[in-house]
Each structure stands twice: as C-alpha cells, then as structure tokens.
2 protein chains.
Amino acid sequence: MMGKHMGPPWWHGRFRGRGYRITVAREAILDVLNRTSEHLSAEDVYLAVHKVHPNVGLTTIYRTLELLVQLGLVFKFDFGDGRARYELAETPKGTRHHHHLVCTVCGRVIDYTDFIDDEIELLSRTEQALSKKFNFKITNHLIQFYGLCNECHRKQ
Amino acid sequence: MMGKHMGPPWWHGRFRGRGYRITVAREAILDVLNRTSEHLSAEDVYLAVHKVHPNVGLTTIYRTLELLVQLGLVFKFDFGDGRARYELAETPKGTRHHHHLVCTVCGRVIDYTDFIDDEIELLSRTEQALSKKFNFKITNHLIQFYGLCNECHRKQ
DNA sequence: GTTTTTAATGAAAATGATTTTCATTTGCTC
DNA sequence: GAGCAAATGAAAATCATTTTCATTAAAAAC
Ligand SMILES: [Mn+2]
Ligand SMILES: [Mn+2]
Ligand SMILES: [Zn+2]
Ligand SMILES: [Zn+2]
C-alpha cells in the first residue's frame, strides 16, 4: 500500500547524483529486483518487466543491469548455468552481504548470512595478510559452496 | 629430461580405469596444462597444443577439458572475462587446492596458498554448520578476492 | 508550458564462446 | 591384424550478450 506520503524511491539519489536519468524501464527493473529474493537472469527480469511494460526490450534490461552493477546497486553472479544472475545489493536499510550454497545437480541457490560473523573476522584477517603480501588492494570477495541440496541428496 | 625409466604418466590410470582412451590430443592437452602455472582459456590451450600437433582441433580441446573437469583432474574457473579458465587440479604429489586474487582492472590472477590454514579451519567449521542447517552436502568451495593488483593500484 | 539537448531506448544485426552434428579416424581388445 | 566403439575434426548451430543506429523521451533551459 503506497501512501501518498512516500518519498521518491531511495535509489533515485544514486541516479540523479551522477547524471543518470530515471526512466520507466529503470524503475520497473528495480521494482522487479526489489520484489524477489531469487537470483534472476536478464531474461527472467525481462519477462517480469514485460508483464507490466511490454514495450521494454531485452537490450534495455541488459544495459540497465550493467549500470546497476556499476553503481553497486546490484550484484552479478555466475552460478555455472551459462547465464549471469542478478540480485539487489542493498535495501534502504543497508547492504545485505551474504554468501551462497549452489547445488551442482539442480542448480538451486541458497543464500546464507548465518555463521557469517566468524567468516567476516577471518576474511578481514586474510584480506589484510594478502594485501600486505601481494600489495593487492582488496575491494570485494566471492564465496560459494558447491554440493548437493537437500532434495538432490535424497534422490541420489 | 625424461629418463627412459619413467613409468606412464600418473594420470593414465584415471583414464583406463573408467574406460577412457589415452589419445595424442589428451596427452598433449595435459602436457600443456602441466607445463604452465597460468590459468589458460580453451583457446590458449588450443594454441599451445597446435604448435606441436597442428591437426588437433579446438572442439577436441573443449571436449577434453570438460572431461578432465568431470574426472576432477582440472578446475574450471570464471574470472569474469567472458571465457572459462582451466587449471590442473592435482599433481602426482597430490592436490594443489588454493584460492585466487583477481585484479578487476587488468584481469591478472594470483594464486595463494599462504594464510590458507586458518581458512581451511574456518571453512570446515562453516561447512559443517551449513550442512547441518540446510541439509546440504558440501563437496567443494570457491573463494576469490577482487581488487586492484600492485601495478593497477599504482597507476590509479 | 514549450523548446532544446542529449541520454536512453528498441529492433535488428553482430559477436563470440561453446556445443552439436556427422562422417571419418584411431585406440584398444581379441 | 581385424573389429568395434570411442574419439576426432570441420562445419554448422546455439545462445547469451553486445553493438549499431535511427527514434524517443527525460530533464534542463527558456
Ligand atoms: Mn544471493
Ligand atoms: Mn589458480
Ligand atoms: Zn539440488
Ligand atoms: Zn591489475
């Protein structure tokens, strides 16, 4: 229920500040990403947007997702199924950093944020040590566990 | 210097055991992977093999690399440059598990095995916790740090 | 509100890594 | 050495993503 006292979406500032325009397509794409907790492909986003705005083309989806990745609003992943997957990087409340479990049989992807405290600590230690040894400025990391999900494990 | 008292390459057993044939192309491809410490693309492998065996086609390179990945002899990575990268998973002496630093500017990839002991420990704890919570049988993991390498950092 | 500027867009074509097809070759068993 | 299935090469197909270019539409200027 959108009240009339709702300000403009939180991400508008990110666009305006850098001279990017706020367009129907961009609003729609962010809306789709905002409503799901899944890891959508460009085509997934296209199909979802298409229901509401049939005139928005797949090219625009690709271009917009790329822009959103550049802006740090969206994460882009490769889970090994031959297409990129996208996921909102943050909400108005803040970033939602997490890692992934990827089922190598059915492709299911599970987010997890638990157990992450220990990880964070180790990661920052590791990052420091690596930075020093290799003179490498670390800005980001990717952690994925592969294996068999609940269902696929059972079926084996 | 290959002495005449050298047995067949260590990986022959892996092939024979499962009914796969040992062919010129496969020998050549493994040889190329064995001689480098880089992360080669299929085309890289093709070019290297081509120098010695100009009749081996790119298709065979793809097929063989895929087979080697299935057999667990080779790791396949995506470092974000639009092509898969391959690397020998083990040597006669054992596995050479390691993680990667990826420069987001020049694409350079650095292997590291230091600092890995702490990681191993955390990983096994994390894996156990995740396995239990999500009923997910973890068989593998991927850890990559992204950032600026020495040189690219300097140029910025 | 209208005009102006130029970023954004859609459709179609291009790209490029990887896969498939199929006729031919080659390792391996007997 | 013969027989046979596995492996191969060349060419075509696939398919996610990118590029091109003429048109549209945000947002700034008036
Ligand atoms: Mn996720
Ligand atoms: Mn490596
Ligand atoms: Zn599964
Ligand atoms: Zn670099």
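Every chain is numbered from 1, with letters handed out A, B, ... down the list of sequences. Source: prediction; values computed, not measured.
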Euclidean distance, A:F145 CZ relative to B:F136 CZ, rounded to 0.5 Å: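 Output value for this atom pair is 10.5 Å.
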Value rounded to 0.5 Å, distance of CD1 in A:I143 from CG in B:L123: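 Rounded to the nearest 0.5 Å, the CD1-CG separation comes out at 7.0 Å.
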Euclidean distance, atom [atom1] of residue [X] to atom [atom2] of [N] [Å, nearest integer]:
X: A:D78; N: C:dA17; atom1: CG; atom2: P; answer: 16 Å
X: A:Y46; N: D:dT17; atom1: OH; atom2: P; answer: 15 Å
X: B:H53; N: D:dG9; atom1: NE2; atom2: P; answer: 11 Å
X: B:N55; N: D:dA10; atom1: CG; atom2: P; answer: 8 Å
X: A:R63; N: C:dG10; atom1: CZ; atom2: P; answer: 8 Å
X: A:L65; N: D:dT18; atom1: CG; atom2: P; answer: 10 Å
X: B:H50; N: D:dA10; atom1: NE2; atom2: P; answer: 8 Å
X: A:E27; N: D:dA27; atom1: CD; atom2: P; answer: 9 Å

Nearest to the side chain of [X], which nucleotide is it out of [options]?
X: B:T23; options: D:dT17, D:dA7, C:dT18; answer: D:dA7
X: B:I22; options: C:dC28, C:dT9, C:dT18; answer: C:dC28
X: B:Y62; options: C:dA17, C:dT9, C:dT20; answer: C:dA17
X: A:T59; options: C:dA7, D:dG9, C:dA12; answer: C:dA12
X: B:V24; options: C:dT9, C:dG27, C:dG10; answer: C:dG27
X: B:Y20; options: C:dT18, D:dA7, D:dT17; answer: D:dA7

Distance-only donor-acceptor check, side chains A:E87 and A:H98, under 3.5 Å: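 A:H98 and A:E87 do have a side-chain donor-acceptor pair below 3.5 Å.
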side-chain N/O B:R16 vs C:dG27 OP1/OP2, d < 4.0 Å: no
B:R21 side-chain N/O to D:dA7 phosphate OP1/OP2 under 4.0 Å: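 Indeed not, no polar side-chain atom of B:R21 lies that close.
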Electrostatic pair B:R85:B:E38 at N-O distance under 4.0 angstrom: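 So B:R85 does not pair with B:E38 through a salt bridge.
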Under 3.5 Å donor-acceptor pair, B:R26 side-chain atoms to C:dG27 base atoms: no
Ring geometry between A:F79 and A:F77 (parallel below 30°, tilted from 30 to 60°, perpendicular above 60°): parallel
